[in-house]
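Notes follow the structure.
Sequence lines set the chain letters: A, B, ... in the order given, protein chains first and strands last, and positions in each chain run from 1.
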Number of protein chains: 2
Amino acid sequence: MNAITLPPDAVKRARGRPRKTADERDDGNRRQDLLRAAARLFRQQGFAATSTRDIAAAAGMRSGSPFYHFENKEALLAAVMLEGMQRASGRQAGAMHAAASHGQALSARDCLRVLVRNHLEVLLGAESDFIPVMLYEWRSLSDVQRQAVNELRREYEAVWVPVLQALHDSGELQGDPSLARLMIFGALNWAVQWFEPGRRSSLDDLTEAALQLFLKEPA
Amino acid sequence: MNAITLPPDAVKRARGRPRKTADERDDGNRRQDLLRAAARLFRQQGFAATSTRDIAAAAGMRSGSPFYHFENKEALLAAVMLEGMQRASGRQAGAMHAAASHGQALSARDCLRVLVRNHLEVLLGAESDFIPVMLYEWRSLSDVQRQAVNELRREYEAVWVPVLQALHDSGELQGDPSLARLMIFGALNWAVQWFEPGRRSSLDDLTEAALQLFLKEPA
DNA sequence: CCTACCGATCGGTAGG
DNA sequence: CCTACCGATCGGTAGG
């Protein structure tokens, strides 16, 4: 009667590996491996120039296996971008919180310093393939996916707005703050193209150079 | 005796289209058509995502014909970039010359205004696919081709150096001028990602916003 | 997650 | 510059 009450594939399942049921598989790890490999390759070669076979191989899988974790190549790209934005937003919130809890009153200038420094870290630090992929493979995303990523992106950028507004009010930032924000992001994001980690300037140097370039003396 | 003095293929030629000899073929035009089509498609879809068939069709040719004009797909990309840089440098030299010949003494600030305005025009104006392709398809170039493009690029950027140095000397630009140059280029080049021609801000608006953001009052 | 495979597309070429 | 074509590669799937 055992044979009758068991679900039809129970026997087959019992013959599998002993310590893992279907629900406990380390799918999360393999998925993460794929994401990391995809981020690195998409950044180095671009989305269209990277084959799903390349990604599979880099993650130690066979050519068909990525499609067990992701519906298609585009979904993998979207996942890389979403992962990147989540990390970036998390780091940004953490950095702002940590800075604010040291001394209580944080000047707008110091706020911007924290934001710039964190942005450069996200862009150029260790494990930094995700955000560059988001910045430079935007057009490879479908409309629906673009919208999803855009929402996280807007959240991330929204944190900057009151800081820049305060700097504008104090005369430390001249001109339309929203145009200034676009140009500041451009100046920082462009560093992806020329920054070399061990060379000449550190991320701290860049941060100070940016503040010097963008900000005036307080009136 | 006419028949004897004519070159051997004169008869054949005489049967062809009446107004064009082999040497007068509009090869230049067809090549230019390919370059224009390639620039537009490379910008919209990226180099790897654009097939040579797409480009041929956009130029009104069959799939094999681009290879009559260019050795391979990479050579077509390099040609787009070189063409873009030549135009950009030409425009830049013209703009500086025209500005300098109005009043004799051009302040460093006015020089920068001319350079920024011209750069935005090259980047965002009409026929503006070539430079964005150069900026965002850099990695798709072979080393040899990269070097060739890089030479033109250095020439273009070299014009900015003394201007920024002068602004630094007068206190209008703070911080290391070479880092400032990289960040200024970044701020401007990023506009490719967000600028919409008919919308809100004009290129003149952007130019003034950039100067406001980057420059201090003269000491 | 692997094996084996498919249809489509791609860069490029020979010959005219 | 076109026609006709080739070998290679690609995203993705069925079945286990």
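The salt bridge (charged side-chain N to carboxylate O under 4.0 Å, His left out) analysis of residues 182-198 of chain B, with sequence neighbours excluded, yields the pairs E196(B)-R199(B). Sorted by first then second residue, the salt bridge (charged side-chain N to carboxylate O under 4.0 Å, His left out) pairs that include residues 148-158 of chain B, not counting sequence neighbours, are R153(B)-E157(B), E157(B)-R181(B). Applying the salt bridge (charged side-chain N to carboxylate O under 4.0 Å, His left out) test to pairs two or more places apart or on separate chains, none has a residue in residues 49-65 of chain A. Annotation: salt bridge (charged side-chain N to carboxylate O under 4.0 Å, His left out) contacts involving residues 119-137 of chain B, sequence neighbours excluded, comprise R139(A)-E137(B), R43(B)-D129(B), R87(B)-E127(B), R117(B)-E121(B). Listed by first and then second residue, the ring pair (Phe, Tyr, Trp, His ring centres under 6.0 Å) pairs involving residues 42-63 of chain B are F42(B)-F47(B) (not counting sequence neighbours).
Not counting sequence neighbours, the partners of S142(A) by the side chain to side chain contact (heavy atoms under 4.5 Å, CB included) test are E74(A), V144(A), Q145(A). When the side chain to side chain contact (heavy atoms under 4.5 Å, CB included) test is applied to Q86(A), the partners found at least two apart in sequence or on another chain are L152(A). Partners of R40(B) under the salt bridge (Lys or Arg N to Asp or Glu O under 4.0 Å) rule, at least two apart in sequence or in another chain, do not exist in this structure.
Ring-plane geometry between H119(A) and F185(A) is classed as perpendicular, the angle between the planes exceeding 60 degrees on a 0 to 90 degree scale with a lower cut at 30.
Both key distances under 3.5 Å define a Watson-Crick or G-U pair, and stretches of 3 or more such consecutive pairs in DNA chain D run C:1-16 with D:1-16.
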Side-chain donor-acceptor pairs of residues 91-98 of chain B under 3.5 Å, sequence neighbours excluded:
| unit_1 | atom_1 | unit_2 | atom_2 | d |
| --- | --- | --- | --- | --- |
| R91(B) | NE | N118(B) | OD1 | 3.4 |
| Q92(B) | OE1 | W160(B) | NE1 | 3.0 |
| Q92(B) | NE2 | Y156(B) | O | 3.0 |

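For DNA chain C, no neighbouring residue in residues 35-44 of chain B is found when judged by any heavy atom under 4.0 Å.
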> For nucleotides 2-13 of chain D, read 5' to 3', which letter fits each nucleotide if B means a protein heavy atom sits under 4.0 Å from the base, S means only the sugar-phosphate is that close, and - means neither?
Replying inline: BS-B----BBBB
